[in-house]
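Some notes on the structure that comes next.
Just so it is clear: chains get the letters A, B, ... in the order the sequence lines come, proteins before strands, and each one is counted from 1.
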Amino acid sequence: MIFDAAVDGQTHRVEVTGSKGRYTVAVDGRPLEVDWREVGGPFVSLLVGGRSHHVALEPRPGGYRVLVDSHDFAVDVLETTRDAVLAPRGPAGPARLVAPMPGRIVRVLAEPGQEVEAGQGLVVMEAMKMENELRSPRAGRVVEVHARELQTVETGFLLVVVE
Amino acid sequence: MIFDAAVDGQTHRVEVTGSKGRYTVAVDGRPLEVDWREVGGPFVSLLVGGRSHHVALEPRPGGYRVLVDSHDFAVDVLETTRDAVLAPRGPAGPARLVAPMPGRIVRVLAEPGQEVEAGQGLVVMEAMKMENELRSPRAGRVVEVHARELQTVETGFLLVVVE
Amino acid sequence: MSERIFRKILVANRGEIAVRVIRACREMGIVSVAVFSEADRAARHVRLADEAWPIGPPRAADSYLRIDRVIDAARASGADAVHPGYGFLAENAGFARACEEAGLVFIGPRSQTIALVGEKTSARRLAVAAGLPVVPGTLEPLVDDAAIRREAERIGFPLMLKAAAGGGGKGLRLVASAAELVSAAGRARSEARSAFGDDRVYVEKALVRPRHVEIQVMADHHGNVVHLFERECSIQRRHQKVVEETPSPLLTPDLRARMGMLAVALVRKSGYVNAGTLEFLMDESREPYFLEMNTRLQVEHPVTELVTGVDLVKLQIGIAQGEPLPFAQADLVQRGHAIECRVYAEDPDAGFLPCPGRILALRVPGGPGIRDDSGVEEGDEVPSYYDPLVSKLVAWGEDRASAIARMRRAVREYKVLGIKTTLPFFERVLRHPDFLAGRIDTSFVERLGREKQAEEERPWAVAAAAAAIGALARRRAARTTPGAGPAPSAWRREGRREAMGGRG
Amino acid sequence: MSERIFRKILVANRGEIAVRVIRACREMGIVSVAVFSEADRAARHVRLADEAWPIGPPRAADSYLRIDRVIDAARASGADAVHPGYGFLAENAGFARACEEAGLVFIGPRSQTIALVGEKTSARRLAVAAGLPVVPGTLEPLVDDAAIRREAERIGFPLMLKAAAGGGGKGLRLVASAAELVSAAGRARSEARSAFGDDRVYVEKALVRPRHVEIQVMADHHGNVVHLFERECSIQRRHQKVVEETPSPLLTPDLRARMGMLAVALVRKSGYVNAGTLEFLMDESREPYFLEMNTRLQVEHPVTELVTGVDLVKLQIGIAQGEPLPFAQADLVQRGHAIECRVYAEDPDAGFLPCPGRILALRVPGGPGIRDDSGVEEGDEVPSYYDPLVSKLVAWGEDRASAIARMRRAVREYKVLGIKTTLPFFERVLRHPDFLAGRIDTSFVERLGREKQAEEERPWAVAAAAAAIGALARRRAARTTPGAGPAPSAWRREGRREAMGGRG
């Protein structure tokens with residue numbers, strides 16, 4: 001099976017063959033022999049050419065969060081074919097800023113039409129006893145603002161859209 | 001719902017009413033108000049009249065192994081009716097001695113027809129680098145001996161039946 | 001003060017510190033009583049306590065901060081004493097007074113001492129009187145914006161705005177210039193109001209790249225006072241400590257002894273009793289300035305416990321029972337080195353944004369020299385209502401280098417699934433050359449955030465391979481097992497739990 | 001001996017001791033190589049190591065005891081040195097020699113020292129020469145039943161039959177009278193043969209209610225020798241230690257110093273290098289008799305680490321690198337008290353019968369003063385092929401009473417589901433009046449087994465209620481959720497795991 005796997009925003013072609021814990025995985029054409037054993041819950045023991053890795057896989061939209069030893073990766077996995085063009089990655093389409101936790105909007109720092117930088121503060125939320133600045137996921141223009149000051153919001157509430 | 005619960009070989013009549021984490025449990029007619037919350041896996045937090053208990057329930061044939069704080073109970077649970085006579089407990093029917101682990105039979109100490117005491121050694125097994133004496137679960141007469149010296153057995157293999 | 005023995009202690013807190021105090025009670029043979037909000041019914045501190053009493057809805061203002069409800073629970077349970085932990089009501093003189101009036105022993109200083117020392121500007125005045133150097137700033141709390149502006153102009157920028165009733169980094173703002181003053185003051189006051197119910201602030205000169213070193217003190221009811229050496233707390237994010245250690249790599253034996261003497265002087269001057277901590281700032285010339293005193297157990301107390309061999313919580317309880325300190329200053333010796341990393345439910349890649357949620361899987365490190373003071377177990381929820389501290393990971397080693405190496409080993413073993421935590425951030429701190437050399441100040445975290453992580457060190461190809469195999473296995477399972485869905489097994493406990501019949 | 005730095009160490013062991021050594025390697029920046037049998041492919045020591053090499057089928061004789069395969073793995077992985085742990089090949093002079101011949105540093109004494117000291121009767125002869133008192137008995141190994149009978153009659157009953165190559169309680173029998181001698185000798189020799197490949201035994205007079213106290217020693221390649229005080233190991237079942245502590249409640253400072261000097265004398269006499277332990281028996285008059293020397297790291301080494309602050313495994317590695325001891329005898333100080341409880345996969349209610357199986361759920365204690373050296377995590381299998389030691393739980397306290405109280409607290413927090421363990425047994429030991437008073441000898445466990453547990457202390461009504469609610473919830477779930485079966489959610493992971501596509 002062939003996948004495009006985007007690790008930390010960088011896309012790689014990954015081809016997997018094998019079964020029952022023994023896999024050959026070609027990452028960008030470089031082959032890895034992988035011995036895979038699930039060890040309870042999300043944990044997997046991988047042996048890759050004699051190297052041992054303690055791995056955990058947490059499903060997330062589009063792929064997995066992958067812990068490898070002390071490293072934390074977000075990996076998007078998309079099934080593809082051998083001849084497909086490598087899927088492009090990067091800022092494409094509007095970016096939606098949603099509330100990462102329940103809380104109260106303290107200040108709204110953006111208004112529709114405003115040009116913003118990546119990382120610029122858009123909304124200040126009070127949650128878990130702290131005021132937290134929520135930042136723009138990308139540079140662009142603010143097209144929608146749904147956050148209202150003093151409003152109480154739940155996790156996932158759409159606050160701002162940047163295009 | 002009404003159960004006969006045998007704890008450490010002593011049978012009690014237990015009547016449970018309630019739902020959604022709030023139960024009234026009468027144990028031998030003595031009522032307990034139980035607040036029950038499952039907290040992941042086999043673990044349950046119980047509040048019983050202000051007392052807090054960290055409990056784990058492990059299913060076993062006939063009931064549960066129940067850990068309450070630092071105590072370890074084997075509880076047999078049998079559904080019954082209010083008017084039923086309390087189920088009797090104790091040595092009834094033949095007792096089957098089975099291999100508790102895989103290993104090798106080193107010595108067979110019992111033969112058919114022999115009278116044995118509760119706790120008397122019947123079979124010596126070598127497993128986990130030690131010789132282990134397997135003892136009679138009850139006093140009685142040996143009626144079947146399936147263990148053979150130097151035989152390798154798996155967990156659950158029927159070794160001896162005492163009647 | 002005559003001695004008495006506590007039969008039962010109510011722990012007026014939640015999370016890891018409630019667990020810490022409950023453990024001390026159990027080891028002393030004292031019955032522990034937990035209190036819990038509706039969000040915490042099945043929390044770990046409830047499970048570990050002998051008894052547990054509900055005190056209201058999830059919001060802290062409706063439960064853990066409700067003096068009346070906590071006192072009612074203490075009375076109803078028949079507790080002899082109350083341990084406040086840190087945070088919530090721990091430095092609330094009104095709560096200490098309410099305990100005293102209800103005939104409950106408050107495990108901490110007397111209520112009037114808390115009022116005197118806990119209020120930051122009055123502590124500063126007291127420190128000046130006891131001969132301690134203080135950071136230039138106001139000695140009285142400021143009640144309106146005009147007064148703040150006036151004092152700010154007198155002291156000059158950069159400056160710090162701080163909650164008079166404060167602690168734990170709440171209601172605290174660094175103000176670089178006059179232009180930022182009004183909005184910073186607004187935020188600091190609003191945070192202070194919601195955290196402490198008191199929006200008075202004060203102004204202090206901001207030191208350049210200061211280091212933050214504190215001294216632990218203990219005083220009994222018989223006039224005995226000792227210090228238990230220092231803790232280095234310069235690694236902070238959002239003015240909150242995240243990594244602490246002892247001994248401080250900065251202190252010489254002379255400086256340590258001098259700071260300890262200053263701390264003891266202030267304790268004697270104020271008639272202070274029980275555990276307390278004096279916080280000092282140090283500038284680049286290593287000159288210490290008294291900053292404030294925390295009139296309670298400190299979050300980072302375990303590092304002191306590991307190098308001195310003293311159990312501070314048991315000692316607090318002993319002092320509250322009227323016992324004299326079981327040792328003199330000369331008996332106290334620092335052995336080895338200890339570091340604490342605070343494992344927060346926060347995303348370090350998103351500016352330490354809180355990240356509450358359910359812990360779907362957990363693997364806690366163990367082995368030599370590792371102590372984990374955790375408020376959670378696998379399956380537990382980190383609620384969004386409270387401080388996102390999940391656990392304190394503490395490492396002891398023969399010297400600083402081995403403590404650091406051990407902490408790195410433990411951070412690598414620590415696995416938390418379901419939420420993001422500060423663990424990957426610690427990995428970076430613990431191998432940073434400045435940290436290894438002890439070149440740390442309160443701007444360290446900000447500097448670290450600007451440095452890009454070396455790419456080649458990250459095993460990204462293994463991550464890509466693992467994700468692809470996971471996706472493959474998932475698809476095959478979906479094809480062959482009609483009941484199997486898209487997620488690996490452990491992740492579906494949630495739904496299953498309800499099917500088990502309980503409420504979860 | 002010139003100093004060298006190890007880049008990579010192969011750990012020739014499994015379970016908790018392999019984990020212990022791998023952790024030390026990681027903290028020292030040394031690459032660790034695990035070896036594993038087919039039963040241990042996904043075991044914790046494999047997961048934690050940097051590299052892992054298969055060495056054969058599950059049976060130890062086909063894998064962990066195969067000198068050739070371990071040496072091959074060490075060569076193939078490019079290891080500089082081999083750490084043997086305890087058990088398996090740790091006291092096998094042939095293995096140490098094979099390492100030496102392959103150019104690998106064996107982390108332990110020289111092979112000829114192992115042969116000299118590890119063989120029990122030759123160690124006894126050496127001890128006599130060094131001036132140590134020994135238990136009356138044979139000084140030469142016995143090769144046939146006739147010789148055993150002759151020596152037994154000379155020494156008198158009760159006596160101990162012991163494997164000459166032995167250790168860890170294997171091949172060891174107490175013989176009360178001449179009638180038992182033949183069958184006991186048969187068993188001891190068969191166990192010794194299967195455990196050590198050597199069925200020679202020797203005979204020692206059995207002391208009445210003896211206590212078992214051992215001395216830890218460390219010697220470098222430069223002639224420096226120190227002892228790290230004693231460990232009290234009298235709590236044994238089946239002649240295997242289950243609870244150890246230090247300091248021993250039995251020893252006076254004078255006796256401790258004298259036993260330490262005797263231990264150092266034997267080490268010097270034998271040219272011993274690296275870590276070793278001298279075991280002594282003490283009779284009721286507190287007179288110590290040398291019993292044997294273990295030429296390797298001891299299972300119970302953590303209690304010594306906790307009171308001395310010395311990391312014995314790192315020290316072993318340092319010595320093997322040719323470094324001198326970093327301290328002298330006078331630098332070593334005992335601080336506080338430490339106790340170890342060995343958590344075995346055994347059913348204490350069934351005569352400590354081994355109880356292998358999968359650990360379906362696990363909650364490990366933490367917090368102040370607790371160290372857990374475990375070979376497993378939740379979901380792991382305890383195989384039936386090896387020693388059933390799951391974990392070593394260690395508690396440190398300021399004194400013996402607080403260490404005991406802390407251990408009791410930790411035992412209560414420890415939850416192991418899926419298999420039976422010795423944890424409930426420790427609960428009984430830790431509150432027994434004789435244990436609390438330090439009145440312990442090697443017959444303690446047997447005496448405890450004859451005492452009935454007080455019924456009223458066990459919360460049986462809560463257990464009955466919990467089981468009934470569990471059964472009710474199960475039945476309701478079965479009615480409303482067609483997919484839900486009889487068992488609570490977490491217990492069905494097993495089946496699900498296969499559906500996830502891997503092999504588990």
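For the pair Ser32(C) and Ile9(C), the minimum side-chain heavy-atom distance is 4.5 Å or more. Using a 4.5 Å heavy-atom threshold, the side chains of Arg26(D) and Asp50(D) count as touching.
Residue Pro302(D): no heavy atom, backbone or side chain, is found under 4.5 Å from chain C. For chain C, no part of Val394(D) is nearby; none of its heavy atoms comes within less than 4.5 Å. No part of Val19(C) comes within reach of chain D, as not one of its non-hydrogen atoms sits under 4.5 angstrom from that chain. Interface remark: Arg23(D) contributes backbone and side-chain atoms alike to the contact with chain C (heavy atom separation under 4.5 Å). Only the side chain of Arg412(C) comes within less than 4.5 Å of a heavy atom in chain D; its backbone stays farther off. Looking at Arg406(C), the atoms closer than 4.5 Å to chain D (heavy atoms on both sides) sit in the backbone and in the side chain alike. For chain D, no part of Glu16(C) is nearby; none of its heavy atoms comes within less than 4.5 Å. For Lys314(C), the part sitting under 4.5 Å from any heavy atom of chain D is the side chain, from C-beta outward, and nothing else. At a 4.5 Å heavy-atom cutoff, the contact between Arg20(C) and chain D is made by side-chain atoms alone.
Per-residue heavy-atom pair counts under 4.5 Å with chain C were compared for Ile370(D), Asp311(D), Val364(D), Leu48(D), and the maximum is reached by Asp311(D). Chosen from Val333(C), Val313(C), Val310(C), the residue pairing most often with chain D at heavy-atom distances under 4.5 Å is Val333(C). When each of Gly367(D), Gly29(D), Gly309(D) is scored by its heavy-atom pairs under 4.5 Å with chain C, the top score falls to Gly367(D). Taking Glu398(D), Glu413(D), Arg47(D), Arg335(D) one by one and counting their heavy-atom pairs under 4.5 Å with chain C, the maximum is reached by Arg335(D). Options Met28(C), Arg409(C), Glu305(C) differ in how many heavy-atom pairs under 4.5 Å they form with chain D, and the most are formed by Arg409(C).
Remark: the backbone N or O of Gly379(C) is paired with a side-chain donor or acceptor of Arg358(C) at under 3.5 angstrom. Not one N or O on the side chain of Asp372(D) forms a donor-acceptor pair closer than 3.5 Å with the backbone of Pro365(D). Not one N or O on the side chain of Asp380(C) forms a donor-acceptor pair closer than 3.5 Å with the backbone of Ala43(C). Put simply, the side chain of Gln321(C) gets close to the backbone of Phe6(C): a donor and an acceptor are under 3.5 Å apart. Between the side chain of Arg14(C) and the backbone N or O of Ala34(C) there is no donor-acceptor pair closer than 3.5 Å. Formation of a donor-acceptor pair under 3.5 Å by the Lys392(D) side chain with backbone atoms of Val299(D) is found in this model. A distance-only check finds a donor-acceptor pair linking the side chain of Arg44(C) to the backbone of Ser374(C) [under 3.5 Å].
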